[in-house]
Amino acid sequence: MPVQLLAVCGSLRAESSNVKLLQAAARLAPAGVEVVFFTELAVLPHFNPDDESVGHPAVKAWQAALTSAAGVLVCSPEYAHGIPGSLKNALDWVVGSGEFVGKPVALLNASPRSVHAAAQLHEVLKTMDARIVSSVAVPVAGRKLDVAGIVADPTLAGPVRDAVSAVVAGRMA
């Protein structure tokens, strides 16, 4: 049975450089590792602590995806010096339920200029007791590269491969 990692993109754009970076991570994953994408951030309801016991199907799917994953890869853009609302909303839904506790996480950043969101994401996940095993900026934003172009460039592929490997190794720690 393959080791399953969950890829979570903070961007809702289909052709985002963040999506492409995560798709490259999936291609660069070592043998025996499967990267599964959580693509339902947009359907999660707005977080309301009063609704935590309601059991909304999208929230249950988010929690189940996190629970079944051996580790998580997160790649997010920065909007107005912060984490996109859709990603922060998703994280808020699992603060109390604890799916990130002890989970190895790699933070990928497609734009080295995006420092505020990366720092906020690190702080939020650390507060949730995630184990951040890698945090790397991979400069793909604005380069008009497709996934194959990212995978083919050793200066980009190397750090992505290392981040994935760190999550795989972190699941055993």
Side-chain angles (χ1 to χ4, degrees), residues 1-42 65-66 68-88 90-91 100 102-173:
M1 176 177 266
V3 173
Q4 190 177 83
L5 304 182
L6 184 65
V8 180
C9 184
S11 174
L12 300 180
R13 293 181 58 221
E15 291 298 315
S16 136
S17 57
N18 298 282
V19 169
K20 290 176 184 174
L21 189 54
L22 285 170
Q23 290 169 336
R27 287 194 192 174
L28 293 164
V33 175
E34 176 186 17
V35 178
V36 176
F37 287 76
F38 185 79
T39 59
E40 302 300 316
L41 288 185
L66 286 167
S68 66
V72 182
L73 306 171
V74 180
C75 190
S76 179
E78 177 171 301
Y79 297 148
H81 283 193
I83 302 168
S86 57
L87 179 56
K88 180 61 168 81
L91 295 173
F100 271 101
K103 187 84 62 177
V105 176
L107 302 178
L108 301 172
N109 182 343
S111 174
R113 294 185 326 231
S114 176
V115 296
H116 301 288
Q120 288 174 8
L121 193 52
H122 189 276
E123 182 62 26
V124 169
L125 288 167
K126 182 179 161 193
T127 299
M128 296 168 69
D129 289 327
R131 285 188 307 112
I132 303 195
V133 296
S134 180
S135 183
V136 61
V138 183
V140 298
R143 294 182 63 182
K144 300 194 187 298
L145 291 171
D146 62 6
V147 176
I150 296 168
V151 171
D153 184 331
T155 63
L156 302 175
V160 174
R161 187 179 290 111
D162 291 347
V164 173
S165 295
V167 173
V168 173
R171 81 188 211 310
M172 295 186 238

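In this structure, the side chains of Val133 and Val105 stay at 4.5 Å or more apart for every pair of heavy atoms. Within the 4.5 Å cutoff, no side-chain heavy atoms of Val19 are placed close to those of Cys75. Put simply, the side chain of Lys20 does not reach to within 4.5 Å of the side chain of Val140, judged on heavy atoms. When side chains are defined from C-beta on, Leu87 counts as touching Val8, because their heavy atoms get closer than 4.5 Å. Counting heavy atoms from C-beta on, the side chains of Leu5 and Val36 never come closer than 4.5 Å. Put simply, the side chain of Pro84 reaches to within 4.5 Å of the side chain of Ser76, judged on heavy atoms. For the pair Arg27 and Val147, the minimum side-chain heavy-atom distance is below 4.5 Å. Annotation: side chain of Phe100 is not in contact with side chain of Asp129 (no heavy-atom distance under 4.5 Å).
Applying the side chain to side chain donor-acceptor pair (under 3.5 Å) criterion to Asn109, with sequence neighbours excluded, gives no partner residue. Scored by the salt bridge (charged side-chain N to carboxylate O under 4.0 Å, His left out) test, Asp153 finds Arg143 as partners (sequence neighbours excluded). Scanning for ring pair (Phe, Tyr, Trp, His ring centres under 6.0 Å) contacts around His116 gives His81, with sequence neighbours left out.
For Glu34 (side chain) and Pro2 (main-chain N/O), no donor-acceptor pair under 3.5 Å exists by modelled atom type. When atom types are taken as modelled, the side chain of Arg131 and the backbone of Gly170 share a donor-acceptor pair closer than 3.5 angstrom.
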For this session: Might you work through the side-chain contact (heavy atoms from CB on, under 4.5 Å) test for Val167 and Leu73, ending with a clear yes or no?
Result: CA-CA 8 Å; Val167 173; Leu73 306 171; 3.9 Å; yes
Exercise. Hey, mind stepping through Tyr79 and Ser11 against side-chain contact (heavy atoms from CB on, under 4.5 Å) and telling me if it holds?
Worked result: CA-CA 10 Å; Tyr79 297 148; Ser11 174; 3.9 Å; yes
Exercise. How far apart are the C-alpha atoms of Ser111 and Ser17, what are their side-chain angles, what is the distance that settles it, and do they pass the side-chain contact (heavy atoms from CB on, under 4.5 Å) test?
Worked result: CA-CA 9 Å; Ser111 174; Ser17 57; over 6 Å; no
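Partner Ile132 forms a side-chain contact (heavy atoms from CB on, under 4.5 Å) with one of Leu121, Leu107, Val74, Val72 and no other, that one being Leu107.
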